[in-house]
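Read the structure below first, then the notes.
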Number of protein chains: 2
Amino acid sequence: MSGPSTDAPRRGRGVGGRPRIEDVAAAAGTTAITVSRALRQPDKVAPETRQRILAAVEALGYIPNLSASALASRRSGIMALVVPTIANSVFAETVDGFSEVAGRAGFQILLGQGTYSAEAEHRLLTALAGRQPDALARIGIVRHDETRALLRRTRIPMAETWDLTDEPIDLVVGFSNRDAGHAMTRHLIRRGRRSIAYIGSDDDRAAARRRGYADALEEAGLHPAAPDIRVREITYGAGRRALRALLQLAPEADAAFCANDVLAVGALLECRKMGLAVPDRLAVAGLGDFEIAQELTPALTTVRIPSHRIGAHAAELLLARIAGETIDRRVVDLGFEIVERESA
Amino acid sequence: MSGPSTDAPRRGRGVGGRPRIEDVAAAAGTTAITVSRALRQPDKVAPETRQRILAAVEALGYIPNLSASALASRRSGIMALVVPTIANSVFAETVDGFSEVAGRAGFQILLGQGTYSAEAEHRLLTALAGRQPDALARIGIVRHDETRALLRRTRIPMAETWDLTDEPIDLVVGFSNRDAGHAMTRHLIRRGRRSIAYIGSDDDRAAARRRGYADALEEAGLHPAAPDIRVREITYGAGRRALRALLQLAPEADAAFCANDVLAVGALLECRKMGLAVPDRLAVAGLGDFEIAQELTPALTTVRIPSHRIGAHAAELLLARIAGETIDRRVVDLGFEIVERESA
DNA sequence: CTGAAAGCGCTTACAG
DNA sequence: CTGAAAGCGCTTACAG
């Protein structure tokens with residue numbers, strides 16, 4: 001009535017009243033080790049024994065303590081996944097693919113959020129590593145050298161994703177954000193655009209896309225239509241405001257390359273509101289190929305990213321690592337694809 | 001070169017070469033218990049000792065093994081969170097709010113995905129419970145009785161969310177989906193609509209919203225405009241197709257109540273494509289108030305859900321439970337709000 | 001302010 | 001096919 005401390009300890013039960021493996025063994029007339037085997041390698045236990053054990057598990061409502069299991073076996077059964085943000089849906093497909101493959105293989109997902117400040121990320125990754133995950137994946141490339149060193153030292157199989165690098169901490173699965181930005185900008189140029197602006201967010205991947213944009217302009221002897229327009233939040237509203245800002249800064253711009261589809265959709269909606277003809281007066285291009293891109297009128301020209309496959313493939317590679325298989329390609333480029341629709 | 005087994009075990013190191021608390025203690029000239037204290041209750045250790053210990057931690061790259069910590073202390077430092085799906089962004093805000101509050105309090109998030117079949121969910125929750133989370137939250141109400149009993153037995157502080165029930169397993173934080181459906185349907189009726197159709201998805205929350213819709217119609221002496229239109233996936237495309245199906249089934253319908261904003265947005269886009277005047281010819285209402293709802297033309301009339309607050313509040317309540325505080329309200333209704341815009 | 005002893009609940013070799 | 005012993009790396013009382 002007045003708290004757990006007044007409960008008499010139950011006979012043959014662990015703290016909190018939860019049965020332990022010993023309790024199951026006693027109920028089944030065998031020992032802990034055989035119970036452990038019956039649960040993990042059923043074939044190695046006589047059918048009758050197994051039967052009695054499973055009955056006892058059922059009767060007692062036994063749930064193995066995975067912390068104890070992890071400590072003893074040195075396999076945690078956990079895969080950690082670090083994402084920049086959950087609120088934004090950009091990475092949802094990747095998380096989904098990762099979770100699907102990892103879950104099917106019996107792993108649980110430890111989710112880490114936030115990779116903005118170097119210190120916060122270092123702390124987060126340290127804490128996650130403390131859980132001894134059997135593998136760790138992160139959206140994006142880890143930038144901070146100290147953190148990279150820490151992760152290398154732990155020797156936890158690790159996948160960086162959503163971009164490429166020649167020297168991953170362990171593995172990297174993604175595509176070249178720089179090349180994607182480059183390809184889309186070239187597409188705009190090929191379509192006759194000469195005054196192309198950049199609208200982007202404030203993260204590493206957007207920065208790489210911007211580099212591709214700048215390179216493509218330079219190769220074509222063109223100049224940016226305006227100073228970069230950078231938004232803090234990735235929302236439709238931010239895309240709208242960015243578009244308005246662009247028209248202020250460079251009324252003569254004939255194309256806007258947006259570093260992601262959310263911003264592009266916002267820009268597109270603002271154009272419609274202002275009665276600005278897309279693509280005749282202004283071409284708008286995005287990156288990501290979210291579902292909404294194809295549903296709008298005009299439909300959004302964008303870059304398709306294998307978001308789900310990035311997650312699934314990273315998980316598969318990590319499973320192979322865990323299984324001790326040799327991985328010959330540590331850098332996996334899943335590519336991207338220009339999807340030409342109506343807006344550019 | 002050919003695998004970890006060829007590595008000679010290092011002196012004074014645990015398996016895998018990772019330093020243990022003993023190694024830190026040795027390097028700092030003290031004992032494990034003092035190291036543990038220095039890391040967890042710094043005040044209780046002499047400043048000089050603490051200094052030496054922190055230096056040793058730094059030098060060795062020591063990361064506490066949280067499985068061992070969890071086993072010894074019976075506090076895992078984990079909060080488990082179960083969501084129906086990650087790929088869909090509907091719950092992203094809730095996950096974000098939960099993760100924010102839990103993370104700030106030093107907890108890690110164990111993410112479970114999928115609550116569709118009763119057996120799969122039972123297995124998932126059992127597995128999660130095995131990790132001895134200090135608390136567990138789930139989006140939605142757990143339906144399966146056996147699973148409810150299991151969770152009660154574990155005595156893990158638990159929050160069901162995104163709906164209400166008089167008898168939560170432990171706590172429930174949400175709003176009445178039935179009432180939300182009822183309120184929006186009444187709004188449509190008040191606006192003069194008489195032939196109102198329902199478009200929904202195939203989950204418990206949508207079912208509750210549909211009940212509210214049906215009740216409101218009955219109270220007004222009205223009949224559904226058409227048989228329910230139920231989609232399997234929550235996508236804009238599904239919303240589009242549902243709208244077309246509705247016009248086939250009931251060309252005379254004057255309103256469509258969509259169980260969520262994604263379907264409503266899809267329906268709205270399809271109306272525009274078909275040149276169907278909204279709201280004059282057909283009113284369209286959603287539920288959720290996603291950002292896109294306010295950005296479209298006509299802007300979507302919908303129900304605002306405190307999605308972020310549900311997650312944050314559930315986490316706060318669970319933290320209070322963990323701290324042993326008494327919770328007087330086990331059922332927390334965070335309400336909802338009709339947002340009247342242009343579409344209905 | 002610091003430490004010796006015991007134990008958390010499992011699994012890993014090893015033996016039979 | 002089954003079991004006795006040891007140990008995974010921490011923390012919890014308890015003592016001084």
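As a basis for the values below, the full set of heavy atoms in this structure was taken, side chains included, without hydrogen atoms, waters or symmetry mates. All of these numbers come straight from a predicted model, not from anything done at the bench. We name chains A, B, ... by the order of the sequence lines, and we start the count at 1 in each one.
Applying the salt bridge (charged side-chain N to carboxylate O under 4.0 Å, His left out) criterion to Arg143(A), with sequence neighbours excluded, gives Asp204(A). For the salt bridge (charged side-chain N to carboxylate O under 4.0 Å, His left out) test, residues two or more places apart in sequence or in another chain that qualify with Arg321(A) are Asp170(A). Here Asp134(A) pairs with nothing under the side-chain hydrogen bond (donor to acceptor under 3.5 Å, both in side chains) rule; sequence neighbours left out. Scanning for side-chain hydrogen bond (donor to acceptor under 3.5 Å, both in side chains) contacts around Arg50(B) gives an empty result, with sequence neighbours left out. Every residue meeting the salt bridge (charged side-chain N to carboxylate O under 4.0 Å, His left out) condition with Arg148(A), not counting sequence neighbours, appears here in chain and number order: Glu160(A). Scored by the side-chain hydrogen bond (donor to acceptor under 3.5 Å, both in side chains) test, His144(A) finds no partners at all (sequence neighbours excluded).
Sorted pairs that involve residues 52-71 of chain B and meet side chain to side chain donor-acceptor pair (under 3.5 Å), not counting sequence neighbours, are lacking altogether.
Between the CG atom of Leu71(A) and the P atom of dC8(D) there is a distance of 9 Å, rounded to whole Å. Atom CD in Gln41(B) sits roughly 10 Å away from atom P in dT11(D) (whole-Å rounding). Between the CZ atom of Arg20(B) and the C1' atom of dT11(D) there is a distance of 16 Å, rounded to whole Å. What separates CD of Gln132(A) from C1' of dC8(D) is a distance of 10 Å, to the nearest Å. Regarding Glu22(B), its CD atom lies at a distance of 10 Å from the P atom of dG9(D), rounded to whole Å. One atom, CD1 of Ile63(B), and another, P of dC10(D), lie 11 Å apart when rounded to the nearest Å. If you measure from atom CG of Asp43(A) to atom P of dC1(D), you get 9 Å, rounded to the nearest angstrom. dG9(D) atom P lies 23 Å from atom CZ of Arg75(B), rounded to whole Å.
Closest contact between the side chain of Arg40(A) and the listed nucleotides dC10(C), dT11(C), dT11(D) involves dT11(C).
Using a 4.0 Å cutoff on non-hydrogen atoms, no part of residues 44-58 of chain B comes near DNA chain D. Against DNA chain C, the stretch residues 27-38 of chain B makes heavy-atom approaches under 4.0 Å through Thr30(B), Thr31(B), Ile33(B), Thr34(B), Arg37(B).
Contact annotation: Arg74(A) does not reach the phosphate of dT11(C) (side-chain N/O to OP1 or OP2, under 4.0 Å). Contact annotation: Tyr62(A) does not reach the phosphate of dG9(C) (side-chain N/O to OP1 or OP2, under 4.0 Å).
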List, one per line, each side-chain donor-acceptor pair under 3.5 Å for residues 94-107 of chain B, sequence neighbours excluded.
{"unit_1": "Thr94(B)", "atom_1": "OG1", "unit_2": "Trp162(B)", "atom_2": "NE1", "d": "2.8"}
{"unit_1": "Thr94(B)", "atom_1": "OG1", "unit_2": "Ser307(B)", "atom_2": "O", "d": "2.9"}
{"unit_1": "Thr94(B)", "atom_1": "OG1", "unit_2": "Ser307(B)", "atom_2": "OG", "d": "3.0"}
{"unit_1": "Ser99(B)", "atom_1": "OG", "unit_2": "Gln113(A)", "atom_2": "NE2", "d": "2.5"}

Donor-acceptor pairs under 3.5 Å, side chain of residues 38-46 of chain B to any protein atom, not counting sequence neighbours: which ones?
none

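Contact record, Ala28(A) with Ala56(A): CB-CB, 4.1 Å, taken as the closest heavy-atom pair.
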Intra- and inter-strand pairs of DNA chain C in dot-bracket (Watson-Crick or G-U wobble, both distances under 3.5 Å; | for another strand): |||.||||||||.|||
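A 4.5 Å side-chain heavy-atom check between Ile169(A) and Arg138(A) finds every atom pair outside the cut-off.
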